[in-house]
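Take a look at the structure set out below.
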Amino acid sequence: MTKQPHVLDGVAIASEIKAEVGLEVSKLVEQGITPGLAVILVGNVAASEIYVRSKVKTCGELGIFSELIAPPETVTTEEMLELVAKLNAREDIDGILIQLPLPKHVDTKRLLEAVSPDKDVDGFHPVNAGRLQSGQPGLQPCTPAGIIEVLKRARLPIAGQNAVVVGRSDIVGKPAALLLLNESATVTVCHSRTHDLAAVTRGADIIVAAIGRPGFITAEMVKPGAVLIDVGINRLTDKADVEKFFAGDEKRAATFEKKGSVIVGDIDPAAFKISSAYTPVPGGVGALTIAMLMHNTVKAARLRRGFSAESK
Ligand code: GUN
């Protein structure tokens with residue numbers, strides 16, 4: 001009988017990280033410092049509202065001050081730049097998060113560059129991207145940093161492993177590849193123009209899937225025993241798709257009946273079965289993103305005051 005894969009429980013790892021961050025917060029509070037996060041949410045994108053609510057709630061749980069700023073959909077780039085400049089100058093704000101996506105008429109690139117790199121808790125500023133690229137300490141994007149935490153805390157080897165990242169976004173794919181490289185993995189980055197993707201992924205010891213296409217990585221593309229990290233969150237609303245990915249899964253079928261949709265990652269659940277370890281969707285990498293945002297906020301609060309990144 002083949003060995004059952006190990007489920008990498010993102011919720012449990014996120015709880016562990018949040019407990020550590022909470023401890024760091026209490027040490028800062030003893031010194032009269034309360035870390036503060038400003039979250040900017042523009043317009044009424046339902047998914048963004050859910051994420052932002054969760055970010056603000058988690059701040060409260062860990063003793064981090066948070067301020068939600070919600071300009072109207074009609075806000076201009078200039079008005080947003082003014083808002084960011086004010087937050088950059090505020091002593092009680094350590095982190096500034098601009099929830100994406102922004103309305104089309106707002107210049108996202110210009111805004112992300114306007115955030116002080118020292119308060120860039122998303123790690124999206126070119127200065128922080130450059131620091132990551134050159135292996136210097138800085139604020140790192142939350143989801144990729146969460147992936148490294150999952151691998152390390154599960155004691156899965158990274159150094160010397162063949163890691164294949166599928167997807168080259170600035171937010172996940174590229175920084176994930178750099179973080180894996182900094183941990184001495186042998187890294188390949190694949191994307192929509194890659195020839196014979198399956199031949200590349202079949203050589204992987206670790207696959208990071210971040211392409212935003214439901215069940216895109218199939219079992220035939222995976223070497224038995226590989227570690228699978230699934231960053232995708234895709235909503236299935238078609239019953240045929242649900243049956244294709246979750247045949248025989250009564251729990252998923254019940255969810256679909258009740259809600260009219262279920263979530264699947266970028267990796268076909270059939271591939272999980274032949275892996276040695278995998279992050280489920282939901283309950284995998286997604287859970288880590290907010291925990292790492294909290295970690296970054298406290299890190300920013302410490303570094304801005306000339307302290308080391310962590311107290312120990
Ligand atoms: N929208 C979706 N994911 C993210 C994220 O990690 N940060 C921000 N700022 N916006 C997002």
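Just so you know, ligand 1 is whichever comes first in the structure, and atom 1 is the first atom listed for that ligand. Keep in mind that this is a model prediction, so the values were computed, not measured.
Both the sub-6.0 Å distance and the 45° axial angle are not jointly satisfied by Arg302 relative to the ring of Phe307.
Considering backbone and side-chain N/O of Asp122, one or more are found under 3.5 Å from N/O of ligand 1. Inclusion of Ile98 in the set of residues having an N or O under 3.5 Å from an N or O of ligand 1 is warranted. Between Gln99 and ligand 1, an N or O atom pair is found at a separation short of 3.5 Å. The distance criterion of under 3.5 Å between nitrogen or oxygen atoms is met by Leu100 with respect to ligand 1.
Across Lys119, Arg305, Lys299, a single residue satisfies salt bridge (charged side-chain N to carboxylate O under 4.0 Å, His left out) together with Asp94, and that is Arg305.
For Gln136, the CD atom sits in a packed shell: over 12 heavy atoms of surrounding residues, nucleotides or ligands are nearer than 6.0 Å. By the neighbour-count criterion of 12 heavy atoms within 6.0 Å, atom OH of Tyr51 is sparsely surrounded, having that number or fewer from other residues, nucleotides or ligands.
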